[in-house]
Amino acid sequence: MAKRIYTIKGPVETAALGLILPHEHLFTDLRGPHVPGYAQGEASAVIEVVEPYLAEAAAAGVTALVECSTVGVGRNLSILQSLADSTSIHILAPTGVYRDAYIPQSVRGMNEAELVSLWTKELTEGIEGTSIRAGFIKLALSDDGPTELEIRNLRAAAMASQNSGAVIAVHTIGGKIARQEMDILEEAGLDLHRFIWVHAQTEPDISVLKEAAQRGAYIELDTVGAPFQSQPELLEMALALIEAGFIDQLLLSHDAGWYDPASADGCPSHGFRGYTALTREFIPELLKRGVTEEQIRQITVNNPANAFGF
Ligand SMILES: [Zn+2]
């Protein structure tokens with residue numbers, strides 16, 4: 001059967017898609033789930049801020065966008081539905097949960113089997129009583145290594161992925177933690193082709209990225225256009241992975257956005273970053289360095305379709 005991505009508006013055949021951004025943010029609340037007003041917002045206010053950026057991305061050729069703001073950092077299904085209605089871009093919502101400090105009490109208290117059942121249900125039936133299916137599993141690990149709860153989350157995600165076919169994307173800072181995490185996922189039966197190392201650019205040693213790719217992981221470089229990231233360095237990382245034969249596992253995104261319900265004007269303190277640096281700046285640089293249009297298509301269309309399709 002042809003693979004599909006599961007979007008807010010329903011399943012879409014991956015063959016029908018063009019450029020897909022595998023890691024972005026639309027509506028994000030980093031205050032954590034215990035703060036009053038957490039993840040609340042007026043849909044109209046969110047659309048007013050975010051829709052122009054989506055229109056700009058659509059005009060630049062973006063056909064689908066993966067919303068990585070998972071449970072604990074602002075997932076709000078009704079806001080995402082309103083946004084999906086405002087744009088031609090297909091939006092994927094996550095299941096899963098953010099890192100330890102952001103895990104809501106309800107999820108904290110579940111055992112591994114209960115989490116497997118919740119996440120499998122969100123991926124195969126729907127989220128929060130709707131028929132809207134989550135498009136993937138998004139987790140995060142603490143920067144100094146996975147806590148006990150985060151290890152539980154990895155194991156549960158591995159099972160939910162095996163139950164559904166969905167990919168697991170995990171915020172992972174540095175190669176030491178990535179290695180540990182891949183061991184845990186493999187022990188739980190996961191084929192690492194269903195794993196995305198999110199923020200892989202945080203590991204400066206390219207040989208560690210290649211090692212992860214060798215084990216099957218998707219390598220996501222997700223600071224395209226970010227002012228805090230050297231773009232020439234990111235370009236060299238991408239080229240090194242292509243040269244080493246891992247073009248089929250390379251993902252590129254901005255990790256940009258987003259509407260912030262904690263701020264008066266809805267924009268985060270760093271300002272709203274849009275979703276077009278990849279098409280306008282990064283891809284032209286790759287082409288200048290000899291990457292072909294066909295290879296660009298592999299990286300920006302086929303790879304995310306293969307990663308998120310199931
Ligand atoms: Zn992110």
Side-chain angles (χ1 to χ4, degrees), residues 8 20-33 38-39 46 49-50 53-54 57 62 64-76 79-80 83 89 91-103 134-143 146 150 153-154 157 166-174 177-178 181 195-203 217-229 231 234 237-238 250-263 266-278 282 300 303-304 307-308:
I8 296 286
I20 302 167
L21 295 176
H23 187 131
E24 306 298 341
H25 295 277
L26 300 170
F27 182 86
T28 310
D29 193 342
L30 292 172
R31 292 175 296 179
Y38 162 75
V46 178
V49 170
V50 180
Y53 293 100
L54 290 173
V62 173
L65 178 151
V66 178
E67 160 65 300
C68 280
S69 311
T70 191
V71 172
V73 285
R75 191 184 74 169
N76 178 324
I79 295 274
L80 292 178
L83 278 170
I89 295 178
I91 297 171
L92 285 76
T95 188
V97 72
Y98 205 58
R99 64 183 157 87
D100 202 320
Y102 294 82
I103 300 178
F136 70 113
I137 306 167
K138 172 71 193 297
L139 302 179
L141 303 182
S142 294
D143 292 358
E150 290 165 355
N153 294 345
L154 285 172
V167 77
I168 308 171
V170 191
H171 165 116
T172 310
I173 305 303
I177 298 174
E181 156 180 50
F195 164 66
I196 300 172
W197 177 2
V198 169
H199 308 322
Q201 73 279 350
T202 55
E203 171 53 55
Y218 283 97
I219 306 300
E220 184 181 281
L221 307 180
D222 47 31
T223 40
V224 172
F228 53 85
Q229 167 75 53
Q231 296 301 301
L234 198 67
M237 272 188 181
L250 176 60
L251 295 172
L252 297 174
S253 214
H254 308 96
D255 196 9
W258 52 77
Y259 186 94
D260 179 357
S263 94
C267 289
S269 55
H270 56 71
F272 199 112
R273 273 171 60 215
Y275 313 105
T276 55
L278 179 64
F282 205 79
T300 61
N303 290 354
F308 289 90

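Residues take their numbers from the sequence shown, with the count starting at 1. Everything numeric here is computed off the predicted structure, so don't read it as measured data. For ligands, and for the atoms within them, numbers begin at 1 and follow the listed sequence.
- Among the atoms of H25, an N, O or S atom falls under 2.8 Å of the Zn ion (ligand 1).
- Here D255 contributes atom CG and L221 contributes atom CG; the two are 12.0 Å apart, rounded to the nearest 0.5 Å.
- Coordination check, D255 versus the Zn ion (ligand 1): passed, since an N/O/S atom of the residue sits under 2.8 Å.
- Classified by interplanar angle (parallel below 30°, tilted 30° to 60°, perpendicular above 60°), the ring pair H25/W258 is perpendicular.
- Taking the six-membered ring where the residue is Trp, H23 and H199 present tilted rings, their angle falling between 30° and 60°.
- As for H23, its N/O/S atom nearest the Zn ion (ligand 1) is the one called NE2.
- To the nearest 0.5 Å, atoms CD (E67) and CG (N76) are separated by 10.0 Å.
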